[in-house]
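The structure under discussion appears below in the form of structure tokens.
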Amino acid sequence: MSNPAIGFANAIKAYSDVASGDAFGGRGPKAAPASGGDEFASLVRSAIDEAIKIGEKSEQLSIQGVNDRADLSQVVTAVAEAEVTLQTVVSVRDKVIDAYKEILRMPI
């Protein structure tokens, strides 16, 4: 049986790897992009880092809640926040895929 928290963390790490260029056998840091591209990449990277932190916080509070060491309302709030964050990440991913498909359909 898979653990949803681990799956969430893996999904966030995969997005982070793609954003940093390390996915699919990337070659590490690339040359600095043109003005504006770097700002967007850092914006995406910081959003992904924040999503990872929210997921880890939710995971830790859930574990503490299972062990009766956390307030139930804090656990519920953290899990709800992680759920909203995951839904946001999935929505952004879907929009990126839609944009990519739209670019592929453009006549040359």
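Just so you know, residue 1 is the first one in the sequence shown, and it goes up from there.
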I'd like to know if Arg105 pairs up with Glu102 as an ion pair, taking the criterion as any Lys NZ or Arg NE/NH1/NH2 lying under 4.0 Å from an Asp or Glu carboxylate oxygen.
yes
Once rounded to the nearest 0.5 Å, what's the spacing between atom CD of Gln74 and atom OG1 of Thr77?
7.5 Å
Grab the two heavy atoms, one from Leu61 and one from Val75, that are nearest each other, plus how far apart they are.
O-CG2, 3.3 Å
Would Val79 end up clustered with Leu86 when hydrophobic side chains under 4.5 Å apart are linked, directly or stepwise?
no
Evaluate side chain to side chain contact (heavy atoms under 4.5 Å, CB included) for Phe40 paired with Val44, printing each intermediate quantity in order.
CA-CA 6 Å; Phe40 181 72; Val44 171; 3.7 Å; yes
Nearest 0.5 Å please: distance from the CD atom of Glu83 over to the OG1 atom of Thr88.
10.5 Å
If you measure from CG on Asp98 to CD1 on Ile103, what distance do you get to the nearest 0.5 Å?
11.0 Å
Only pairs under 3.5 Å count here: list side-chain donor-acceptor contacts from residues 62-70, not counting sequence neighbours, and write none if there are none.
{"from": "Ser62", "atom 1": "OG", "to": "Ser58", "atom 2": "O", "distance (Å)": "2.8"}
{"from": "Asn67", "atom 1": "ND2", "to": "Ile63", "atom 2": "O", "distance (Å)": "3.3"}

